[in-house]
Amino acid sequence: MAIPKHIAIIMDGNGRWAKAQGKKRTEGHKEGVKNVRSIAIYANSLGVKCLTLYAFSTENWKRPIEEVDYLMSLPKVFFHAYLKELMEKNIKVTMIGDINRIPDEARKIFLDAIAKTSKNTGMILNFALNYGSRDEIVKACMAFAKDYKAGLVDTLTEESFNDYLMTAGLPDIDLLIRTSGEERISNFLLYQLAYSELIFRPEAWPDFNKQSLDACLEEFEHRSRRFGGL
Ligand code: IPE
Ligand code: IPE
Ligand code: MG
């Protein structure tokens, strides 16, 4: 099977998953964290080079403070439980997003996981945390303008623009998956998804399992990617 180099996932539907079982929304997020581990380990075993997971958007700050606090406590839960296993599996943790607004504890835990796994050569597990694509594009433009003004660069190309994005250095995204039946991008990787295949799955993120990923890969294999050619 042709394995996509870079898969991005919008992990949606935790809240509805919990509600459907008469539980609190936070229970859905807790279950979602466990699923991050199992899908990451599985993707790594399949030979995926990079897995980018949308964990928290720049718009998710609009949620009730209790839910935001709970979400920000999850990096600790995740890395406490699974960092050892990520190391054993040679997985390298990275992140995109504006790390400055993330509460101290979560930021430190993330930076620690990134540092500890930085020499690993297996799959890149890239978390989009406090990430918004419009924010990213505006920041990229500002960075370019600064370099231009300083005389460091005199032009901008599609390729050199990539280097100003938070995804600089990562392979192009072959496949985007969104769970929970919503069919929208929600400010995720707007520039990078130009020629990605899009798959929308009905199951909520906690229910998205190995078989679900297999089904996505099967569908991906049958897509004919033309990139504008014939
Ligand atoms: C995805 O699940 C997780 C985050 C956005 C942090 P949701 O919390 O959006 O769940 P639904 O969409 O309300 O069911
Ligand atoms: C997108 O899900 C963000 C993440 C999965 C982190 P949302 O649940 O925030 O998106 P909308 O509000 O349905 O567009
Ligand atoms: Mg949602």
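Numbering of ligands and ligand atoms starts at 1, following listing order.
Heavy atoms of R178 approach ligand 2 to within less than 4.0 angstrom. Ligand 1 is approached by G13 to a heavy-atom distance shorter than 4.0 Å. Ligand 1 is never approached by K19 to a heavy-atom distance shorter than 4.0 Å.
Among all non-hydrogen protein atoms, the one lying nearest atom 2 (O) of ligand 1 is N14 N, 3.2 Å. Residue, atom and distance of the protein heavy atom nearest to atom 6 (C) of ligand 1 are A55 O, 3.4 Å. In this structure, atom 9 (O) of ligand 2 lies nearest to the protein heavy atom N60 ND2, 2.9 Å. Here the heavy atom of the protein found nearest to atom 10 (O) of ligand 1 is G15 N, 2.9 Å.
Atom 14 (O) of ligand 1 has its nearest heavy-atom neighbour, among E182, M11, R63, R16, in R16.
Taking the charged nitrogens against the carboxylate oxygens, E31 and K34 do have a contact shorter than 4.0 Å, which makes a salt bridge. Salt bridge R107/D104: present, at least one basic N to carboxylate O contact under 4.0 Å. Classification of D174 and R225 as a salt-bridged pair holds, one side-chain N sitting under 4.0 Å from a carboxylate O. We find that K139 and D135 are joined by a salt bridge, their nearest charged nitrogen and carboxylate oxygen being less than 4.0 Å apart.
Side-chain polar atoms of N187 and S133 form no donor-acceptor pair below 3.5 angstrom. Side-chain contact check for S224 and R226: at least one donor-acceptor pair (N or O, by modelled atom type) lies under 3.5 Å. S212 and E203 share a donor-acceptor pair across their side chains, judged by distance under 3.5 Å alone.
Ring centroid separation for the pair F56 and F127 does not come in under the 6.0 Å cut-off.
The aromatic rings of Y148 and F144 are tilted relative to each other, their planes meeting at an angle between 30° and 60°. Between F188 and Y54, the two ring planes are parallel [angle under 30°; tilted spans 30° to 60°].
Near R184, meaning under 4.0 Å from one of its heavy atoms, ligand 2 places the atoms 11 (P), 13 (O), 14 (O). Numbered from 1 in the order shown, with element, the atoms of ligand 1 that lie under 4.0 Å from a heavy atom of H29 read 3 (C), 8 (O). Every atom of ligand 2 is numbered from 1 in the order shown, and the set under 4.0 Å from a heavy atom of F56 is 6 (C). Below 4.0 Å from some heavy atom of S186 lie the following atoms of ligand 2, by number and element: 10 (O), 11 (P), 14 (O). Proximity to I10 (heavy-atom distance under 4.0 Å) selects the following atoms of ligand 2: 1 (C), 5 (C).
The CG atom of N120 lies 8.5 Å from the CG atom of L86; values are rounded to the nearest 0.5 Å.
Of the N or O atoms in W17, none lie within a sub-3.5 Å distance of an N or O in ligand 1.
Protein heavy atoms are absent from the 4.0 Å sphere centred on atom 12 (O) of ligand 2.
The residue S57 has no part lying near ligand 1, judged by heavy-atom distances below 4.0 Å.
Under the 4.5 Å side-chain heavy-atom criterion for grouping Ile, Leu, Val, Met, Phe, Trp and Tyr, I177 is connected to L217 within one hydrophobic cluster. Hydrophobic clustering of Ile, Leu, Val, Met, Phe, Trp and Tyr side chains at less than 4.5 Å, counting indirect connections, unites I96 with L193.
No side-chain heavy atom of E182 sits less than 4.5 Å from a side-chain heavy atom of F200.
Take the Mg ion (ligand 3) and draw a sphere of radius 2.8 Å; the protein N/O/S atoms inside it number 1.
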